[in-house]
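FYI, side chains are in, hydrogens and waters are out, and symmetry mates aren't considered; it's all heavy atoms of this structure. In what follows, every chain begins at residue 1, and chains take the letters A, B, ... in the order their sequences are listed.
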Protein chains: 2
Amino acid sequence: MNPMTAARSPFTSPSDSPRLGLRERKKIKTRETIRAATYALIREQGYDATTIEQIAERAEVSPSTVFRYFPTKEDIVLTDEYDPLMLEELRNRPADEPWMESVRHILRLATDALMAEDPEVIRMRAHLGITVPAVRARMYESMSQTGRMLRAAIGERAGLDPDGLEVRVCAMSLVGGLMEVNMAWAENDFKDDLPAMLERALDVMEHGLPTEKP
Amino acid sequence: MNPMTAARSPFTSPSDSPRLGLRERKKIKTRETIRAATYALIREQGYDATTIEQIAERAEVSPSTVFRYFPTKEDIVLTDEYDPLMLEELRNRPADEPWMESVRHILRLATDALMAEDPEVIRMRAHLGITVPAVRARMYESMSQTGRMLRAAIGERAGLDPDGLEVRVCAMSLVGGLMEVNMAWAENDFKDDLPAMLERALDVMEHGLPTEKP
DNA sequence: CATGAAATGAGAGTAGCTCTCAAAATATTG
DNA sequence: CAATATTTTGAGAGCTACTCTCATTTCATG
């Protein structure tokens, strides 16, 4: 099985779904082919040097088709199918569990699933995030979308208005902090232990900065 | 005095600086002319409908010149000269003041200065941030730059490594939360009181979500 | 005023992205 | 199986942000 195929989703692999009709199956395959071609080309020549035309050529489709499947070039590299899954996992947590504890739990789950799939792609994305501004911008955008999704969960857990300022700030500040973990991880060439970093980050956001140690 | 001119900086107005040589003065004027033209056109026809060519035409410069002054179209609208000033203000705070208290203080200062200058431009920027994806992306980028600048200040205040994960997460989570305040403010058509919102946001980030009120 | 340096304008070129329309592939129905 | 309807694709034209180069103009300086 192609690693790219496996990378599409951490929990379930949509390409081996029950019979979907030829059309649907072909569409999924085309999507994955385009993505695989993109990753390969970027590995070979870098992000900027890789044009849509090249991607189309290697994926054996027309440039039009590439844009039909992905709205922008960045979207070919960055696709988040994780959010809804994490959200569901979050809702499945016991309602009386402390909020931050639930976050810790699903983050452990998510990182495990992620790294089990295709660590190289994960690292490549993070690396593109710190080197290519356009990719980074797209990451921030999806970060704020994640924040928006979190509102509902936070709101119902805390018994607050999901669209109230407090919940919004809480959600955004959380995902912002998590984003920074990802950046720091990539900037340090993935040498550090990601789960441990996440724990430290959550500690900071929960209890504030540690007291100074001289 | 042109309102656009005043909007360039909240603390000092660089265009009426001591004799700078004709060249320098002309450069500043051109910058402001381009920005004013851009704002005017966007007001008339919206962001996307406004092309660089139109901007150049109204500002009476060539398109090349526009790009010489601003790297991207978004940068014409969004220019942060505030960061360094806020950073300096932050350093001037007493070293034993609680960290969050300092933040509250400079935020009060910044909002006051901002709104005193040209509220319409401020609102327009925030509005573009929630309507134009490219502008929003640029805002996120400068948000993370602000976060990066904050690291040093936070680090020295807390006696921690400015590049350590804890400080990074703290900074990013803070600016993320503040960014969300700006978004919420704009989404609610600027009807709410910005300083009050900032207070509430800082409360959340300092003490967590308020206990539920049934 | 003359010489050197910097700013500008003109123009060509690239690439991402949109739109349209006809051809090809697939689904559906008699 | 044949015929028709629907979807997907490819080809190509077109727009715009953005880059680069080079000649011309504008300002600074001795």
**Study point:** Contacts of Asp83(B) that satisfy side-chain contact (heavy atoms from CB on, under 4.5 Å) - sequence neighbours left out
**Key:** Thr146(B), Met149(B)
Point to revise | Short side-chain to backbone donor-acceptor contact, Arg108(A) and Pro195(A), under 3.5 Å | key: no
Study note, to complete from the structure: Under a 4.0 Å heavy-atom cutoff, the residues of residues 46-57 of chain B touching DNA chain D are Thr50(B), Thr51(B), Ile52(B)
Practice item. To the nearest 10°, let me know how far the axis at one end of the helix from dC1(C)-dG30(D) to dG30(C)-dC1(D) is tilted from the axis at the other, five pairs an end. Key: 10°
Practice item. Considering only NZ, NE, NH1 and NH2 on the basic side and carboxylate oxygens on the acidic side, decide whether Arg104(A) and Asp203(A) come within less than 4.0 Å. Key: yes
**Study point:** Those residues that, when tested against Leu41(A), pass side-chain contact (heavy atoms from CB on, under 4.5 Å) (two or more places apart)
**Key:** Glu44(A), Gln45(A), Thr50(A), Gln54(A), Ile55(A), Arg58(A)
Review point. Under the 3.5 angstrom rule, does the side chain of Arg125(A) hit a backbone N or O of Val77(A) as a donor-acceptor pair?
Key: yes
Check your understanding: Should Gln145(B) and Arg148(B) be marked as a side chain to side chain contact (heavy atoms under 4.5 Å, CB included) after you check the CA-CA gap, both sets of side-chain angles, and the distance that decides it?
Key -> CA-CA 5 Å; Gln145(B) 280 172 10; Arg148(B) 196 169 300 123; 4.0 Å; yes
**Study point:** Glu166(B) backbone acceptor or donor facing Arg200(A) side chain under 3.5 Å
**Key:** no
Where do N or O atoms of nucleotides 8-15 of chain D meet protein N or O atoms at under 3.5 Å, pair by pair?
residue: dT8(D); atom: OP1; partner: Lys27(A); partner atom: NZ; Å: 2.8
residue: dT9(D); atom: OP1; partner: Tyr69(A); partner atom: OH; Å: 3.0
residue: dT9(D); atom: OP2; partner: Tyr69(A); partner atom: OH; Å: 3.3
residue: dG10(D); atom: OP2; partner: Ser62(A); partner atom: N; Å: 3.0
residue: dG10(D); atom: OP2; partner: Ser62(A); partner atom: OG; Å: 3.1
residue: dG10(D); atom: OP2; partner: Thr65(A); partner atom: OG1; Å: 2.3
residue: dG10(D); atom: N7; partner: Arg68(A); partner atom: NH2; Å: 3.4
residue: dG10(D); atom: O6; partner: Arg68(A); partner atom: NH2; Å: 3.0
residue: dA11(D); atom: N7; partner: Ser64(A); partner atom: OG; Å: 3.2

**Study point:** Qualifying residues under side-chain hydrogen bond (donor to acceptor under 3.5 Å, both in side chains), relative to Thr38(B), sequence neighbours excluded
**Key:** none
Review point. Considering residues at least two apart in sequence or located in another chain, which fulfil the side-chain contact (heavy atoms from CB on, under 4.5 Å) criterion with Arg93(B)?
Key: Glu97(B), Ser102(B), His105(B), Arg157(B)
Check your understanding: According to the salt bridge (Lys or Arg N to Asp or Glu O under 4.0 Å) rule, which pairs have a member within residues 129-141 of chain A, sequence neighbours left out?
Key -> Asp75(A)-Arg138(A), Arg136(A)-Glu141(B), Glu141(A)-Arg136(B)
Point to revise | Residues that Trp185(B) engages under ring pair (Phe, Tyr, Trp, His ring centres under 6.0 Å), provided they are two or more places apart | key: Phe190(B)
Practice item. Over all heavy atoms of both residues, which pair between Pro162(A) and Val167(A) is shortest? Give the atoms and the distance, please. Key: O-CG1, 3.7 Å
Check your understanding: Which parts of residues 133-142 of chain A get close to DNA chain C, meaning a heavy atom less than 4.0 angstrom away?
Key -> none
Practice item. List in chain and number order the residues that pass side-chain contact (heavy atoms from CB on, under 4.5 Å) with Glu60(A), two or more places apart in sequence or in another chain; answer none if no residue qualifies. Key: none
Exercise for review: For Thr65(B) and Ser62(B), test the side chains for any donor-to-acceptor distance below 3.5 angstrom and give the result as yes or no.
Suggested key: yes
Review point. Is it true that the side chains of Thr131(A) and Tyr47(A) contain a donor and an acceptor less than 3.5 Å apart?
Key: no
**Study point:** Lys73(A) NZ - dA17(D) C1' separation (whole Å)
**Key:** 14 Å
Exercise for review: For DNA chain C, note the earliest and the latest nucleotide, 5' to 3', having some atom under 4.0 Å of a heavy atom belonging to chain B.
Suggested key: dA5(C) to dG11(C)
